[in-house]
Amino acid sequence: MIGSANGTAVSITGLGCYVPERVLTNAELSTLVDTSDEWIMERTGIRERRIASDEQAMSDLALPAAREALAKAGVEPKDIDLVIVATVTPDMMFPTTSALIADALGATEAAAYDLLAGCTGFMYAIAQAYGMLAGGLAQRALVVGGDVLSKILDWEDRSTLVLFGDGAGAVVMERVERGGFLGFELGADGGGGEHLWLPGSGSRKFDDPESFVKMNGREVFKFATRVMVSSAEKLLDRCGLTIEDVDVYVPHQANVRIIDHAARKLGVPDERVVVNVDRYGNTSSGSIPLALADAAADGRLRPGELVLMTGMGAGLTWGSALIEWTEEMA
Ligand SMILES: CC(C)(COP(=O)(O)OP(=O)(O)OC[C@H]1O[C@@H](n2cnc3c(N)ncnc32)[C@H](O)[C@@H]1OP(=O)(O)O)[C@@H](O)C(=O)NCCC(=O)NCCS
């Protein structure tokens, strides 16, 4: 799916994020499985990640992120009419995490649903919110991306354990005078689904269901390096822009090697690339909103600048968005 904005200006007017307090370093991981700080740094660029406590579920990460985004946008929860939570680790399948957080926030007028698109979930969610807002179905949307992957990882499998962390980010989206989203490109390839999967987690019966994330790292790496480039190029082309027009590049924070490869192939200079995977690992649906929030906190997102985001993940799925950054409202 690819589309450019249809004339209605819709933007991000508030950003928030939240990560659990507990820091898990590579050194500590190497006491749990046969790995080392050196291997993890060289292959992934990840130094440490955050891990939720036993009591913390997705809504506990989503709520502080959502409250911050609302405060930054200067929007009251009762004025939100759409809540989307992109996650593969909801508190439970139902009630949805979006309904739970809408209730906790006091967003009593909001439609609320969860969305599953692996690590690409946030990109799908902002595209949906854009469509609802541009179409006039909703006035103000709260979109959260986040995951508590530590709860579904195999803590004895070094090939997945070292890659992931927990965290959430949130944005408020509204119609604005000018600027905002320019377009989206989203895609899926279920044929590669078995390379990153959680068998036994739904209605398909397996004789011996595997209750943890399973991944073929090399296949996912090949897929990632391909789609991170092709998705961004297609979207820029559709919007009549080139990579030189992009001021800030916010790639999915899966692995520094994948980010470097995509930036090099696309031709984005290092100083325009946002990287925080070293501190958080891959937080799945949380990765792009967390990186956006980090970039905003560092003063790297300035009104009028063009921001390119590209995600990829389980499904297999991918998605890009282009936005002309606008002022936060509050
Ligand atoms: C997972 C990934 C880092 C592995 O890096 P790689 O260079 O492909 O490494 P390989 O899989 O070839 O494994 C090399 C060796 O390291 C070993 N290894 C795997 N994980 C290890 C770890 N945590 N510590 C030490 N050794 C490890 C492997 O067993 C293998 O050993 P062998 O050669 O004796 O069989 C890389 O494939 C990757 O980043 N893939 C994409 C994953 C991803 O981003 N997933 C999420 C998408 S949203």
Side-chain angles (χ1 to χ4, degrees), residues 24-49 86-89 115-125 145-150 152-169 186-190 192-198 212-231 250-264 275-278 280-291 309-320:
L24 179 61
T25 62
N26 291 347
E28 208 177 334
L29 268 180
S30 59
T31 66
L32 303 175
V33 289
D34 182 13
T35 191
S36 63
D37 177 48
E38 197 186 3
W39 192 96
I40 302 170
M41 280 302 289
E42 188 189 314
R43 306 287 174 121
T44 72
I46 300 167
R47 195 175 298 280
E48 59 189 37
R49 69 286 294 141
T87 185
V88 296
T89 48
L115 180 155
L116 274 134
C119 296
T120 320
F122 180 75
M123 304 309 293
Y124 273 67
D147 270 303
V148 201
L149 283 187
S150 62
I152 58 167
L153 290 175
D154 180 348
W155 281 72
E156 292 178 358
D157 176 8
R158 65 180 182 175
S159 70
T160 49
L161 184 60
V162 303
L163 303 177
F164 297 101
D166 301 333
L186 304 174
D189 171 17
E194 65 186 8
H195 297 315
L196 181 50
W197 65 328
L198 189 59
F212 302 118
V213 173
K214 303 283 285 177
M215 185 180 73
N216 179 337
R218 284 183 201 183
E219 285 302 321
V220 176
F221 193 91
K222 278 193 268 176
F223 159 78
T225 47
R226 179 165 49 83
V227 297
M228 293 289 289
V229 177
S230 60
S231 177
V250 185
H252 175 43
Q253 306 288 311
N255 178 323
V256 131
R257 282 157 64 212
I258 296 173
I259 296 173
D260 285 350
H261 177 274
R264 200 175 59 248
V275 179
N276 66 6
V277 66
D278 53 323
Y280 299 132
N282 179 348
T283 56
S284 186
S285 295
S287 134
I288 288 183
L290 261 175
M309 310 168 224
T310 300
M312 58 82 197
L316 299 168
T317 53
W318 64 89
S320 292

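Remember, it's 1-based here, ligands and their atoms both numbered in the order they're listed. This chain uses plain numbering: 1 for the first residue, then up along the sequence.
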Problem set entry | Nearest protein heavy atom with distance in Å, relative to atom 48 (S) of ligand 1 | Cys119 SG, 3.1 Å

Exercise. Out of Arg158, His252, His195, whose heavy atom sits nearest atom 28 (C) of ligand 1?
Worked result: Arg158

Exercise. Can you tell me which residue and heavy atom of the protein come closest to atom 6 (P) of ligand 1, and the distance to 0.1 Å?
Worked result: Arg43 NH1, 3.4 Å

For this session: Please determine if Asn282 has a nitrogen or oxygen closer than 3.5 Å to a nitrogen or oxygen of ligand 1.
Result: no

Exercise. Asp34 near ligand 1, heavy-atom distance under 4.0 Å?
Worked result: yes

Exercise. Any side-chain heavy atom of Ile46 sitting closer than 4.5 Å to one from Val162?
Worked result: no

Exercise. Tell me: protein heavy atom nearest atom 5 (O) of ligand 1, and distance?
Worked result: Arg257 NH1, 3.8 Å

Seminar exercise, completed: closest protein heavy atom to atom 18 (N) of ligand 1 is Trp39 CZ2, 3.4 Å

Exercise. Under a 4.5 Å cut-off applied to non-hydrogen side-chain atoms, are Thr35 and Ile40 in contact?
Worked result: yes

Exercise. Considering only heavy atoms, does Thr35 approach ligand 1 within less than 4.0 Å through its side chain, its backbone, both, or neither?
Worked result: both

Exercise. Under a 4.5 Å cut-off applied to non-hydrogen side-chain atoms, are Asp157 and Phe212 in contact?
Worked result: no

For this session: Identify, for atom 41 (C) of ligand 1, the protein heavy atom at the shortest distance, and state residue, atom and that distance.
Result: Gly217 O, 3.5 Å

Seminar exercise, completed: Going by the 4.0 angstrom heavy-atom rule, the piece of Phe221 near ligand 1 is both

For this session: Just need the protein heavy atom nearest to atom 47 (C) of ligand 1, so name the residue and atom and give the distance.
Result: Val220 CG1, 3.7 Å

For this session: Keeping the roles fixed (side chain from Asp166, backbone from Ser150), state whether a donor-acceptor pair exists under 3.5 Å.
Result: yes

Exercise. Taking atom 42 (C) of ligand 1 as the point of reference, which of Met215, Arg218, Glu42 owns the nearest heavy atom?
Worked result: Met215

Exercise. Among Ile40, Asn255, Ile258, whose heavy atom sits nearest atom 39 (O) of ligand 1?
Worked result: Asn255

For this session: Could you tell me whether the side chain of Leu161 reaches within less than 4.5 Å of the side chain of Leu29, counting heavy atoms only?
Result: yes

Exercise. Short check: is a protein heavy atom less than 4.0 Å from atom 20 (N) of ligand 1?
Worked result: yes

For this session: Using a strict cut-off of 4.0 Å, indicate which atoms of ligand 1 neighbour a heavy atom of Gly313.
Result: 48 (S)

Exercise. For atom 2 (C) of ligand 1, is the nearest protein heavy atom under 4.0 Å away?
Worked result: no

Exercise. Within 4.0 Å of atom 44 (O) of ligand 1 (strictly less), any protein heavy atom?
Worked result: yes

Seminar exercise, completed: By side chain to side chain donor-acceptor pair (under 3.5 Å), Asp147 pairs with (sequence neighbours left out) Thr87, Thr89, Ser284, Ser285

Problem set entry | Heavy-atom side-chain proximity of Gln253 to Thr283 below 4.5 angstrom | no

For this session: Answer yes or no for atom 35 (O) of ligand 1: protein heavy atom present at a distance under 4.0 Å?
Result: no

Exercise. What are the two closest non-hydrogen atoms of Met228 and Met312, and how far apart are they?
Worked result: SD-CG, 3.6 Å

For this session: Please state whether Ser159 comes within less than 4.0 angstrom of ligand 1, counting heavy atoms only.
Result: yes

Problem set entry | Neighbour count above 12 (heavy atom, 6.0 Å) for Arg47 CZ | no

For this session: Identify the heavy atoms of Phe223 and Gly313 that sit nearest to each other, and give their distance.
Result: CE2-O, 4.1 Å

Problem set entry | Minimum side-chain heavy-atom gap Leu198-Val88 below 4.5 Å | no

Exercise. For Asn255, what residues pass the side chain to side chain donor-acceptor pair (under 3.5 Å) criterion, not counting sequence neighbours?
Worked result: none

Problem set entry | Test of proximity, Met312 against ligand 1: N or O pairs below 3.5 Å | no

Seminar exercise, completed: Of all heavy-atom pairs linking Asn282 and Leu149, the shortest is O-CD1, 4.4 Å

Seminar exercise, completed: Near Val162 (heavy-atom distance under 4.0 Å), the atoms of ligand 1 are 23 (N)

For this session: With heavy atoms of Ala254 as the reference, note each atom of ligand 1 found under 4.0 Å away.
Result: 44 (O)

For this session: Look only at the side chain of Thr44 and the backbone of Met41, and say whether a donor-acceptor pair between them is shorter than 3.5 Å.
Result: no

Exercise. Protein heavy atom under 4.0 angstrom of atom 8 (O) of ligand 1, is there one?
Worked result: yes

